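Can you read through this structure? Questions will come right after.
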Amino acid sequence: MKKNKISKAWINKQRRDIYVRKSKIDGYRARSVYKLIEIDQKFKIFKNGMVVIDLGAAPGSWSQYLSKIIKSGKIISIDLKAMDPINNTIQIQGDFTDLQVQKKISDILVKKSDVIISDMAVNTTGIKNIDSIQTGELCIKAMVFSGNNLSQNGFFISKIFMGGSVNEIILLGKKIFKEVKVFKPKSSRKESKESFIICKKLR
Ligand SMILES: C[S@@+](CC[C@H](N)C(=O)[O-])C[C@H]1O[C@@H](n2cnc3c(N)ncnc32)[C@H](O)[C@@H]1O
């Protein structure tokens, strides 16, 4: 009964959400795309010809947005889950934390990537500090990988949850990158602790 009530509340919230409605009209698979669009509008990141790695890509709205901009570069999309195909993307199904999967990604790169984005998140427990720490661990792994696989002036962008290990993540970011900012897009739900770390230029 309780579960039923929760799912009804969730469905109603989705119906009221303007970004859910807009994503259906615009043909995107998830409302998350508007977070990436806002980040791109603010930090001017994506250009045709770039090599971009999209971590935690399913169902694929971020990769859909990238594929509209990047026609002649390379988009590599990774997720635990299978995804429907998207134009100009190479899709890898696997666990990013598995070093074999990371090697597979590095092997596809003919040159260092220009941008690495991560929207990876564990299934939330509802306990905000635990969610923050577990998703933070994914962010840290993606950041370390970026340190080895990004070009000198590259960007690393990742979902974080405020609280938990966020200070540790920002400190690590400042060790690896020259510029580090935290940005919460308007389309990120207000009640959520979600934010994004935007890192630029390797040290
Ligand atoms: C919020 S969703 C991503 C939404 C996506 N950016 C989009 O626009 O469609 C988070 C994704 O992270 C993926 N994920 C979580 N842990 C992962 C891991 N270790 N390796 C790869 N993907 C992972 C989940 O399977 C899930 O699909």
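Being a predicted model, the structure only gives us computed values, none of them experimental. Both ligands and their constituent atoms are indexed starting at 1 by order of listing. Along the sequence shown, residues are numbered consecutively beginning with 1.
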Quick one: does Val122 get a heavy atom under 4.0 Å from ligand 1?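 No, that is not the case, since the closest heavy atom of the residue is not under 4.0 Å from the ligand.
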
Can you tell which part of Ser32 has a heavy atom less than 4.0 Å from ligand 1: side chain, backbone, both or neither?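 For Ser32, the contact with ligand 1 is made by the side chain alone.
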
Check the angle between the aromatic planes of Phe96 and Phe145 and answer parallel, tilted or perpendicular using the 30° and 60° thresholds.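 It falls in the perpendicular class, over 60°.
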
Using heavy-atom distances only, which candidate in Ser63, Ala57, Ser23 approaches atom 5 (C) of ligand 1 most closely?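 Residue with the shortest heavy-atom distance to the ligand atom: Ala57.
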
Contact check: Asp54 vs ligand 1, nitrogen or oxygen atoms, below 3.5 angstrom: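 Among all N and O atoms of Asp54, none is under 3.5 Å from an N or O of ligand 1.
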
Using a 3.5 Å cut-off on N or O atoms only, is Lys159 in polar contact with ligand 1?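 No, no N or O pair falls under 3.5 Å.
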
Proximity winner for atom 25 (O) of ligand 1, if only heavy atoms of Asp79, Val33, Ile92, Ile78 are counted: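 Result: the heavy atom closest to atom 25 (O) of ligand 1 is in Asp79.
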
Using heavy-atom distances only, which candidate in Gly56, Ala121, Gly60 approaches atom 15 (C) of ligand 1 most closely?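 Looking at heavy atoms only, the winner is Ala121.
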
For atom 8 (O) of ligand 1, the protein heavy atom that lies nearest, with its residue and separation: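 Closest protein heavy atom to atom 8 (O) of ligand 1: Ser61 OG, 2.5 Å.
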
In terms of ring plane angle, is the pair Phe43 and Phe183 parallel, tilted or perpendicular, where the classes change at 30° and 60°?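 It falls in the perpendicular class, over 60°.
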
Which of the atoms in ligand 1, numbered in the order shown and given with their element, are less than 4.0 Å from a heavy-atom of Gly94?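 Reading through ligand 1 atom by atom, the close ones are 20 (N), 21 (C).
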
Return the closest protein heavy atom for atom 2 (S) of ligand 1 as residue, atom name and distance.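 Going atom by atom, the protein heavy atom closest to atom 2 (S) of ligand 1 ends up being Ala58 O, 3.7 Å.
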
Considering heavy atoms of the protein only, find what lies nearest to atom 19 (N) of ligand 1 and give residue, atom and distance to 0.1 Å.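 Checked against all protein heavy atoms, atom 19 (N) of ligand 1 sits closest to Asp95 OD1, 2.8 Å.
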
Which heavy atom of the protein is the closest neighbour of atom 23 (C) of ligand 1, given with residue, atom name and distance?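 Protein heavy atom at minimum distance: Leu80 CG, 3.7 Å.
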
Considering only NZ, NE, NH1 and NH2 on the basic side and carboxylate oxygens on the acidic side, decide whether Lys159 and Glu194 come within less than 4.0 Å.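 Looking at Glu194 together with Lys159, the answer is yes, because their closest N to O distance falls below 4.0 Å.
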
Shortest protein heavy-atom distance from atom 20 (N) of ligand 1, along with the residue and atom involved: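 The closest heavy atom on the protein side is Phe96 N, 2.9 Å.
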
Check each of Ile86, Val52, Asp79 against Ser63 using the side-chain contact (heavy atoms from CB on, under 4.5 Å) test, and report the only one that passes.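 Option passing the side-chain contact (heavy atoms from CB on, under 4.5 Å) with Ser63: Ile86.
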
Whether Lys71 side chain and Ser67 backbone form a donor-acceptor pair below 3.5 Å: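 Yes, the answer is positive, given that a donor and an acceptor are paired below the 3.5 Å cut-off.
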
Between Ser118 and Met120, is there a donor-acceptor pair closer than 3.5 Å when you use the side chain of the first and the backbone of the second?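 Yes, the answer is positive, given that a donor and an acceptor are paired below the 3.5 Å cut-off.
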
Students should be able to answer this: which protein heavy-atom is nearest to atom 6 (N) of ligand 1, and at what distance?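 The answer is Asp119 OD2, 2.8 Å.
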
Using atom types as modelled and distance alone, determine if a side-chain donor or acceptor of Ser132 lies under 3.5 Å from a backbone N or O of Phe161.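 Side chain of Ser132 to backbone of Phe161, a donor-acceptor pair under 3.5 Å: yes, one is there.
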
Output yes when a side-chain donor or acceptor of Lys22 lies under 3.5 Å from a complementary backbone atom of Asp17, and no otherwise.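 Between the backbone of Asp17 and the side chain of Lys22 there is no qualifying donor-acceptor contact (under 3.5 Å).
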
Do Gln93 side-chain atoms and Met83 backbone N/O form a donor-acceptor pair below 3.5 Å?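 Not at all, since once roles are kept as given, no pair shorter than 3.5 Å links the two residues.
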
Under 4.0 Å from any heavy atom of Pro59, which atoms of ligand 1 are there?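 It comes down to these atoms of ligand 1: 9 (O).
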
I'd like to know whether ligand 1 has Met120 as a neighbour, heavy-atom separation below 4.0 Å.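 Yes, Met120 has a heavy atom closer than 4.0 Å to ligand 1.
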
Do Asn149 and Ser106 pair up side chain to side chain, a donor and an acceptor below 3.5 Å, judged on atom types alone?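 Ser106 and Asn149 do have a side-chain donor-acceptor pair below 3.5 Å.
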
